[in-house]
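Chain A is the first sequence line, chain B the second, and so forth, proteins listed ahead of strands; every chain is numbered from 1.
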Amino acid sequence: AQRVTQPEKLLSVFKGAPVELKCNYSYSGSPELFWYVQYSRQRLQLLLRHISRESIKGFTADLNKGETSFHLKKPFAQEEDSAMYYCALRTGANSKLTFGKGITLSVRP
Amino acid sequence: ETGVTQSPTHLIKTRGQQVTLRCSSQSGHNTVSWYQQALGQGPQFIFQYYREEENGRGNFPPRFSGLQFPNYSSELNVNALELDDSALYLCASSLSGRGADTQYFGPGTRLTVL
């Protein structure tokens, strides 16, 4: 069965520091990975997906099939990046998502 | 363009009761997925409806059931409520049932079972 692991619950950094939010997955087939973000008092929204290979709000994530990882990175954190971040895996023909437990990113001034 | 809406916002029920949660999908979307998010956990897939038919189900018992209507709005019904059913229930709509489509989430319904 598929599984998504986010090993840390909280990451606290100062503004301008680099950020790496870890995500590992377990799936025997071809995965599709996503990062979702939830800002305070807002709904869950898509941040980026690995097939797009794009940078959103300065964040990037590379799928490493050898290490079964999809870590989210940003070189210089901003206070507005403070939020809850979820890594998610899509498998199968429908759009069912398997989520990790999430990590709270706190960026201090 | 109207986003995904859910009602009610909050709900309190007692064990053994039944509950119905509602979701209106984003304009033009024909697929709705439901997720349960317990405190401190990520969302967990319950089931998906595509053009009024169930299109995949997660590891939830049959007392969790759903419907999708011709206008693509949806209901989640839970019978014989248990304390562990207390959670945030999220609805997400997408353009079609294909995995390539982005899911847009609603604000959720917070269910408390006493």
Does atom CG of Leu10(A) have more than 12 heavy-atom neighbours, drawn from other residues, nucleotides or ligands, at distances under 6.0 Å?
-> yes

Count the heavy atoms belonging to other residues, nucleotides or ligands that lie under 6.0 Å from CG of Asn71(B), then report whether that count exceeds 12.
-> yes

Region of Leu44(A) that comes under 4.5 Å of a non-hydrogen atom in chain B = both

Residue set satisfying ring-ring contact (aromatic ring centres under 6.0 Å, His included) with Tyr49(B), at least two apart, ordered chain then number -> Phe47(B)

Got a donor-acceptor contact below 3.5 angstrom from the Gln68(B) side chain to the Arg51(B) backbone?
-> yes

Indicate yes or no for a side-chain donor-acceptor contact from His71(A) to the backbone of Glu20(A) under 3.5 Å, with no hydrogens or angles considered.
-> no

Test Phe69(B) against Glu75(B) for side-chain contact (heavy atoms from CB on, under 4.5 Å), laying out the working first.
-> CA-CA 9 Å; Phe69(B) 300 99; Glu75(B) 285 183 356; 3.7 Å; yes

Give me the contact list for residues 5-15 of chain B versus chain A, heavy atoms only, anything under 4.5 Å, ordered by residue number.
-> none

When rounded to the nearest 0.5 Å, the distance separating NE2 of His50(A) from CG of Asn64(A) is 12.0 Å

Please round to the nearest 0.5 Å and tell me the distance separating atom CG of Leu76(B) and atom OH of Tyr89(B).
-> 7.0 Å

Nearest 0.5 Å please: distance from the CG atom of Leu97(A) over to the CG atom of Leu89(A).
-> 8.5 Å

Report the distance from atom CD1 of Ile56(A) to atom CG of Leu47(A), rounding to the nearest 0.5 Å.
-> 6.5 Å

Is the distance between the ring centroids of His29(B) and Tyr72(B) under 6.0 Å?
-> no

Is the Tyr86(A) to Tyr36(A) ring centre distance short of 6.0 Å?
-> no

Pull out the residues in residues 99-109 of chain A that come under 4.5 Å of chain B, heavy atom to heavy atom, sorted by number.
-> Phe99(A), Gly100(A), Lys101(A)

Which residues from residues 105-114 of chain B are near chain A, with near meaning under 4.5 Å between non-hydrogen atoms?
-> Phe105(B), Gly106(B), Pro107(B)

Considering only heavy atoms, which portion of Gln37(B) lies under 4.5 Å from any heavy atom of chain A: side chain, backbone, both, or neither?
-> side chain

Carefully, step by step, assess Asp81(A) and Lys74(A) under the rule salt bridge (charged side-chain N to carboxylate O under 4.0 Å, His left out).
-> CA-CA 10 Å; Asp81(A) 296 329; Lys74(A) 184 169 183 176; 2.8 Å; yes

Glu80(A), CD: over 12 other non-hydrogen atoms inside 6.0 angstrom | yes

